[in-house]
Amino acid sequence: MTKPPLAVGTARADDFDELARLLGHLFHAPSDPETHEIERALFEPGRTLLVRDGGEAVATARAFTRELTVPGARVPAAHVSGVGVAPTHRRRGLLTQLMARQLRQVRDEGREPVAVLWASEGGIYPRFGYGLAAQRLSVQCATVALRMPDPTPAEGRLRLTAPADCRAELARVYDRVRPERPGWSSRDEAWWRYVLSDQADRRGGATERRAVLHEGPDGVDGYGLFRTRANWESTGPNGVTTVDEVVAATPAAYAAMWRMLLSLDLAGQLSFGAGAVDEPLLRLVNEPRRLGAQLVDALWLRVVDVPAALAARRYATGVDVVIEVTDELLPENAGRWHLSGGPERAACGPTERPAELACDVRCLGELYLGGAGLGALAAAGRVRELRPGALAAAGPAFGWHRAPAGMDVF
């Protein structure tokens, strides 16, 4: 028997507890009162979609209102999160309904030209037009044989403290560095509270999180967030250092903090999951392969408004190209768009000129933060060159001098 369709509605403020329980079950995440209240402060009911069946919440998708750094600019971006369907209601098209409704809502509101998310499974979101826009570098290494360059007088002073005692300094450094790193998101007080939350039952036997601050000639210009876990073996101590973030405004701050993190007493292993593809650490250690670095996916990006999005970012070199775009979910994006611009400005609008390149909206998402090469996408058959020479002419413009990276998972 065919089951009747279920309607997608908008959540209310008092739906938070029920939705938190649903998502806790779907993502196999234990709940605790402190985390619950921290996440409540981030909840935006008007941006949370909800499906009920007989009064029971069975599917949801939400978005957070944040700003995203893109090449040469910062843009409003819908930060999509908490997408899930109860196992009792799979294969009924609810995920498709939620994603289509959410994209339409973002587009119609007209404030955010792009949406971003972290994918629990990478195979889900390309069918909704999301492209892999940023990868991250994951480091798992033994530290005993790794060496950093010797310190210099310019490296300043390091200071250890609790993150809660230096939140203002962390925020100042982060806001100083964020404009230079595509893929990083804005953090207000509620988001800093979320990022620094440190429940004891989620530490996996490790210590509380510590902060190391680097003080240069003009004050604090770098910080690292880390924790350690004791591990004693028959051959001696082999503890684990887990690094959450390293944010540095100067090369001296970066080198000094990593020198400390790689040489903690009684710790012989290090884990760092939030590196960028162009992470300077790869160029500093004496033997990069010993870092055990691996690339994994980070941010997925969906272009919601093609002309607004392409005009909002900047380009590494001059660009003047007509791109033909297809978009099954948001037909307003389909058509030929004339993009022109460079490092200082950009413009994009509809045109009757013949197209020089053709791709789907997912490809634009992959290109948007400067992490994917236009030539690589063309080699994979994802971008078609309609005018000879268009790839070579436009390709360099879509790159950027810093690789995109995803910092905090939302």
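What's counted below: heavy atoms across the whole structure, side chains too, no hydrogens, waters or symmetry copies.
No side-chain heavy atom of Glu169 sits less than 4.5 Å from a side-chain heavy atom of Thr161. Here the side chains of Tyr130 and Leu103 are in contact, with some heavy-atom distance below 4.5 Å. In this structure, the side chains of Pro76 and Thr65 stay at 4.5 Å or more apart for every pair of heavy atoms. Looking at Arg127 and Met99, their side chains never come closer than 4.5 Å, going by heavy atoms from C-beta outward. With a 4.5 Å cut-off on side-chain heavy atoms, Val139 and Glu279 do not count as touching. By the 4.5 Å heavy-atom criterion applied to side chains, Leu299 and Trp118 are counted as neighbours. At least one side-chain heavy atom of Leu329 sits less than 4.5 Å from a side-chain heavy atom of Asp327. Counting only heavy atoms from C-beta outward, the side chains of Leu266 and Trp232 approach each other to under 4.5 Å.
Enclosure of atom CZ in Arg92 by more than 12 non-hydrogen atoms of other residues, nucleotides or ligands within 6.0 angstrom is indicated. The neighbour count for Arg336 CZ, taken as heavy atoms of other residues, nucleotides or ligands under 6.0 Å away, is above 12. Within a 6.0 Å sphere centred on CZ of Arg90, heavy atoms belonging to other residues, nucleotides or ligands number 12 at most. By the 6.0 Å contact criterion, CD on Glu287 is enclosed, its count of non-hydrogen atoms from other residues, nucleotides or ligands being greater than 12. Within a 6.0 Å sphere centred on CD of Glu332, other residues, nucleotides and ligands contribute more than 12 heavy atoms. Atom CD of Glu208 has more than 12 heavy atoms from other residues, nucleotides or ligands within 6.0 Å.
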Take Phe128 and Leu95 through the test side chain to side chain contact (heavy atoms under 4.5 Å, CB included) and record every step on the way to the result.
CA-CA 10 Å; Phe128 304 114; Leu95 179 62; 4.2 Å; yes
CA sep, side-chain torsions, deciding dist, call: Tyr174, Trp191, ring pair (Phe, Tyr, Trp, His ring centres under 6.0 Å):
CA-CA 13 Å; Tyr174 183 83; Trp191 278 104; over 10 Å; no
Any chance you could lay out the side chain to side chain contact (heavy atoms under 4.5 Å, CB included) test for Val83 and Ile124, step after step, and finish with the verdict?
CA-CA 11 Å; Val83 180; Ile124 296 175; over 6 Å; no
Decide yes or no on side chain to side chain contact (heavy atoms under 4.5 Å, CB included) for Val285 and Trp258, but give the supporting numbers first.
CA-CA 10 Å; Val285 296; Trp258 272 112; over 6 Å; no
Intermediate values then yes/no, side chain to side chain contact (heavy atoms under 4.5 Å, CB included), Val306 and Ile323:
CA-CA 10 Å; Val306 167; Ile323 307 173; over 6 Å; no
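Without hydrogens or angle criteria, Arg314 side chain to Glu344 main chain gives a donor-acceptor distance under 3.5 Å. Side-chain N or O atoms of Thr69 include one that pairs as donor or acceptor with a backbone N or O of Arg178 at under 3.5 Å. Formation of a donor-acceptor pair under 3.5 Å by the Trp337 side chain with backbone atoms of Asn333 is found in this model. One N or O on the side chain of Asn231 and one on the backbone of Asn238 form a donor-acceptor pair closer than 3.5 Å. In this structure, the side chain of Arg259 engages the main chain of Pro149 through a donor-acceptor pair within 3.5 Å. Between the side chain of Gln199 and the backbone N or O of Asp32, no donor-acceptor pair lies under 3.5 Å. Side chain of Arg187 to main chain of Asp175: no donor-acceptor pair is present (N/O by atom type, distance under 3.5 Å, no hydrogens or angles). When atom types are taken as modelled, the side chain of Glu356 and the backbone of Val322 share a donor-acceptor pair closer than 3.5 angstrom.
The shortest non-hydrogen separation linking Cys363 to Val383 is SG-CG2, 4.1 Å. For the residue pair Ala397 and Gly318, the shortest heavy atom distance occurs at CB-O, 4.2 Å. A pairwise comparison of heavy atoms in Gly84 and Leu98 identifies O-CD1, 4.4 Å as the closest pair. Here the closest heavy-atom approach between residue Arg227 and residue Ala206 is recorded as CD-CB, 3.6 Å. Closest approach of Ala316 and Gly399 over heavy atoms only: CB-O, 3.5 Å. Closest of all the heavy-atom pairs between Pro163 and Leu196 is CB-CD2, 4.0 Å.
Salt bridge status for Arg193 with Glu34: absent, with no side-chain N to carboxylate O gap under 4.0 Å. Between Arg210 and Asp198 there is no salt bridge, since none of the side-chain N atoms of the basic residue sits less than 4.0 Å from a carboxylate O of the acidic one. A salt bridge links Asp14 and Arg12; the closest N-O separation between the charged side-chain nitrogens and carboxylate oxygens is under 4.0 Å. Salt-bridge check for Arg167 with Glu189: passed, with a basic side-chain N closer than 4.0 Å to an acidic carboxylate O. Using a cutoff of 4.0 Å between basic side-chain nitrogens and carboxylate oxygens, Asp17 and Arg40 are scored as salt-bridged. A salt bridge does not link Arg181 with Glu245: every distance from a Lys NZ or Arg NE/NH1/NH2 to an Asp or Glu carboxylate oxygen is 4.0 Å or more.
For residues 19-45, the set of pairs meeting the ring-ring contact (aromatic ring centres under 6.0 Å, His included) definition, not counting sequence neighbours, comprises Phe16-His36, Phe16-Phe43.
To the nearest 0.5 angstrom, Asp320 atom CG is 3.5 Å from His338 atom NE2. Atoms SG and CG, on Cys141 and Leu146 in that order, are 5.0 Å from each other to the nearest 0.5 Å. Here the CG atom belonging to Leu94 is positioned 12.0 Å from the CG atom belonging to Leu49, to the nearest 0.5 angstrom. Note that CG of Leu132 and CG of Asp297 are 5.5 Å apart. Values are rounded to the nearest 0.5 Å. Note that CG of Leu261 and OG1 of Thr228 are 11.0 Å apart. Values are rounded to the nearest 0.5 Å. Summarising the geometry, atom CG belonging to Leu377 is positioned 9.0 Å from atom CZ belonging to Arg362; distances are rounded to the nearest 0.5 Å.
Cation-pi geometry between Arg313 and Tyr315 is met: the NZ or CZ atom falls under 6.0 Å from the ring centre, inside 45° of the normal.
For the side chain to side chain contact (heavy atoms under 4.5 Å, CB included) test with Val220, the passing option among Arg159, Arg157, Arg172 is Arg159; the others fail. Exactly one residue among Arg302, Arg47, Arg107 makes a salt bridge (Lys or Arg N to Asp or Glu O under 4.0 Å) with Glu112. That residue is Arg47.
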